[in-house]
Amino acid sequence: MILVTGGAGFIGANFVLDWLAQSDEPVVNLDKLTYAGNLENLASLQGDARHVFVQGDIGDGALVALLLAQHRPRAVVNFAAESHVDRSIHGPEDFIQTNIVGTFRLLEAVRAHWGSLDEAGQAAFRFLHVSTDEVYGSLAPQEPAFTEQHRYEPNSPYSASKAASDHLVRAYHHTYGLPVLTTNCSNNYGPYHFPEKLIPLMIVNALAGKPLPVYGDGMQIRDWLYVKDHASAIRRVLAAGKLGEVYNVGGWNEKPNIEIVKTLCALLDELRPRADGKSYREQITYVKDRPGHDRRYAIDARKLERELGWKPAETFESGIRKTVQWYLANPEWVAHVQSGAYRDWVQKQYS
Ligand code: NAD
Ligand code: DAU
């Protein structure tokens with residue numbers, strides 16, 4: 001079996017659902033259930049003995065040690081993190097605790113467990129760390145996309161904390177020989193995306209008749225990947241990645257934010273037209289920019305394609321349509337995640 005951390009969040013849940021749709025290898029899912037963790041993402045696995053959910057913190061070394069000893073997973077896939085840049089600007093503390101200290105404690109527990117395995121167990125074991133393209137900083141308009149050799153230049157407390165975790169993972173391989181793999185992925189989108197992030201926020205605000213808050217001039221560029229393609233990349237790296245190596249994951253889909261928002265408006269105009277016959281574009285509002293806002297991210301994913309034969313299955317056009325359709329088909333999921341805590345966040349960030 002494998003141990004997944006953060007498997008009740010957006011990408012982790014999509015990964016767990018896809019994993020169990022494709023194989024019968026069980027998953028132990030360790031998640032703290034912060035505001036971003038949601039067991040409704042995993043509702044379809046209720047009663048499925050292949051999925052063991054444990055509520056807990058990756059920073060709880062004793063708990064992680066117990067889970068490793070009990071279940072003896074052949075791999076740990078670490079998704080658990082605080083993941084929202086705007087929240088890291090309001091309050092970096094949780095990011096330091098989970099992304100840096102939490103990853104350190106997880107690595108320590110895994111190192112002790114790995115050290116106790118026999119030779120064959122050690123050779124088969126993997127620790128896969130899921131990270132982000134934001135560790136590379138911001139690109140100028142004509143600069144080539146980030147390769148795995150790009151220097152680390154994180155600009156937000158979030159990306160700095162992820163960069164620190166990447167360095168720890170690297171050091172545990174170099175110093176202790178821990179069999180690690182790291183993936184650095186671009187912006188994901190798809191089902192179960194928490195509506196504090198650009199794409200789901202715009203969809204839920206549009207449908208609620210609220211403003212669509214575009215930061216600054218809306219010309220910041222992100223490189224978008226459908227979440228199930230990220231899950232397939234992680235499966236591929238876990239199966240065939242070279243120990244100690246880093247793999248960039250991306251969809252070759254660079255788009256300015258304003259284009260994303262207009263695409264969403266056009267899809268909603270088609271699939272759920274406004275009652276007054278006007279376009280959702282009428283709701284677009286330019287607001288104050290994010291402090292230290294990175295201008296452009298772009299991922300060069302050729303290493304993963306060349307060495308491991310991975311390619312995304314979804315185009316941006318097909319993926320974004322599926323995503324809008326998913327939000328239209330799941331109003332209860334949306335209603336449930338818009339709890340009091342979510343309303344407090346929206347008030348703090350956008351008022
Ligand atoms: P998310 O915020 O939706 O989910 C994070 C999950 O981790 C939640 O279920 C939360 O409860 C859990 N968690 C938080 N702190 C924890 C702790 N201390 N112990 C155990 N569980 C904890 O995040 P996401 O968007 O699914 O991102 C998952 C991972 O992928 C993160 O490491 C993130 O840095 C990385 N990543 C995200 C993107 C993206 O576009 N969302 C892109 C590249 C990489
Ligand atoms: O690049 C990978 C990263 O992508 C991940 O590591 C992060 O976990 C993930 O949250 C995401 O970070 P971003 O900051 O790029 O994503 P976010 O959805 O917050 O913002 C995307 C862009 O949209 C960014 O340029 C800011 C802008 N934006 C965002 C929000 C929430 C707006 O213009 N208005 C908004 O209300």
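For clarity, every value in this text was computed on a predicted model and none was experimentally measured.
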Could you tell me whether [X] and [Y] have a side-chain N and a carboxylate O separated by less than 4.0 Å?
X	Y	result
E148	K303	no
D269	R274	no
R87	E82	no
R302	E305	no

Next on the checklist: Ring-plane angle category for W333 and W326, please: parallel below 30°, perpendicular beyond 60°, tilted otherwise.
Outcome noted: perpendicular
Between [X] and [Y], which heavy-atom pair has the shortest distance, and what is it?
X	Y	answer
A298	L139	N-CD1, 3.6 Å
T98	A81	CG2-CA, 3.7 Å
A109	G61	CB-O, 4.1 Å
L42	G7	CD1-O, 3.5 Å
Y152	A163	CD2-CB, 3.6 Å

Checklist entry - Are the aromatic ring centres of F194 and Y342 under 6.0 angstrom apart? => result yes
Roughly how far apart are [X] [atom1] and [Y] [atom2], rounded to 0.5 Å?
X	Y	atom1	atom2	result
Q97	D57	CD	CG	9.0 Å
T147	I299	OG1	CD1	9.0 Å
H84	I89	NE2	CD1	8.5 Å
R105	I58	CZ	CD1	10.5 Å
S116	R111	OG	CZ	12.0 Å
R235	L238	CZ	CG	10.0 Å

Would a hydrophobic clustering, with Ile, Leu, Val, Met, Phe, Trp and Tyr connected at side-chain separations under 4.5 Å, put [X] with [Y]?
X	Y	answer
L67	W19	no
V4	V180	no
L198	I221	no
L63	M1	yes
Y189	V85	no

Checklist entry - Would I11 and H193 count as a side chain to side chain contact (heavy atoms under 4.5 Å, CB included) if you check the C-alpha gap in whole Å, the side-chain angles of each, and the deciding distance to 0.1 Å? => result CA-CA 8 Å; I11 304 174; H193 205 180; over 6 Å; no
Within the 4.5 Å heavy-atom criterion, are [X] and [Y] side-chain neighbours or not?
X	Y	value
I260	L264	yes
L328	L268	yes
I100	K162	no
Q220	D289	yes
N29	H51	yes
K262	I284	yes
Y35	E196	yes

Whether the side chain of [X] engages the backbone of [Y] through a donor-acceptor N/O pair (distance < 3.5 Å, no angle test) should be reported.
X	Y	result
D31	G37	no
S159	P154	no
N257	G218	no
S138	D294	no
T175	Y172	no
T5	L30	no
R296	P141	yes
E270	L267	no
H173	L178	yes
Q283	K210	yes

[Y] and [X] side chains, donor-acceptor separation under 3.5 Å:
X	Y	value
H90	Q349	yes
W224	S186	no
N253	D223	no
Y215	D86	yes

Checklist entry - Does the salt bridge (Lys or Arg N to Asp or Glu O under 4.0 Å) test come out yes or no for R236 and D229, once each step is laid out? => result CA-CA 10 Å; R236 188 69 200 127; D229 282 326; over 6 Å; no
Item to check | Full working for side chain to side chain contact (heavy atoms under 4.5 Å, CB included) between Y226 and F316 | outcome: CA-CA 7 Å; Y226 192 61; F316 184 73; over 6 Å; no
Checklist entry - Think K197 forms a cation-pi with F10, using NZ or CZ under 6.0 Å from the six-ring centre and within 45 degrees of its axis? => result no
Table please: side-chain donor-acceptor pairs of residues 125-136 below 3.5 Å, with sequence neighbours left out.
from: R126; atom 1: NH1; to: A123; atom 2: O; distance (Å): 3.0
from: H129; atom 1: ND1; to: N78; atom 2: ND2; distance (Å): 3.3
from: H129; atom 1: NE2; to: S165; atom 2: OG; distance (Å): 3.0
from: H129; atom 1: NE2; to: D166; atom 2: OD1; distance (Å): 3.1
from: S131; atom 1: OG; to: D166; atom 2: OD1; distance (Å): 2.8
from: S131; atom 1: OG; to: D166; atom 2: OD2; distance (Å): 3.0
from: T132; atom 1: OG1; to: E134; atom 2: N; distance (Å): 3.0
from: E134; atom 1: OE1; to: Y297; atom 2: OH; distance (Å): 3.2
from: Y136; atom 1: OH; to: N248; atom 2: OD1; distance (Å): 2.8

Item to check | Check against side chain to side chain contact (heavy atoms under 4.5 Å, CB included), V76 and L68 | outcome: CA-CA 9 Å; V76 173; L68 291 168; 4.1 Å; yes
Checklist outcome for this item: Exactly one of F79, W310, Y247 clears side chain to side chain contact (heavy atoms under 4.5 Å, CB included) with I234, and that residue is F79
Item to check | Step-by-step salt bridge (Lys or Arg N to Asp or Glu O under 4.0 Å) determination, K228 to D18 | outcome: CA-CA 8 Å; K228 289 177 185 299; D18 281 10; 3.1 Å; yes
Next on the checklist: One pair to check against salt bridge (Lys or Arg N to Asp or Glu O under 4.0 Å): R74 and E25. What are the steps and the verdict?
Outcome noted: CA-CA 10 Å; R74 69 174 174 95; E25 184 174 12; 2.6 Å; yes
Next on the checklist: I'd like to check the side chain to side chain donor-acceptor pair (under 3.5 Å) partners of D48; sequence neighbours left out, ordered by chain and number.
Outcome noted: R50
Item to check | Test log, rule side chain to side chain contact (heavy atoms under 4.5 Å, CB included), inputs W252 and L225 | outcome: CA-CA 8 Å; W252 303 100; L225 181 70; over 6 Å; no
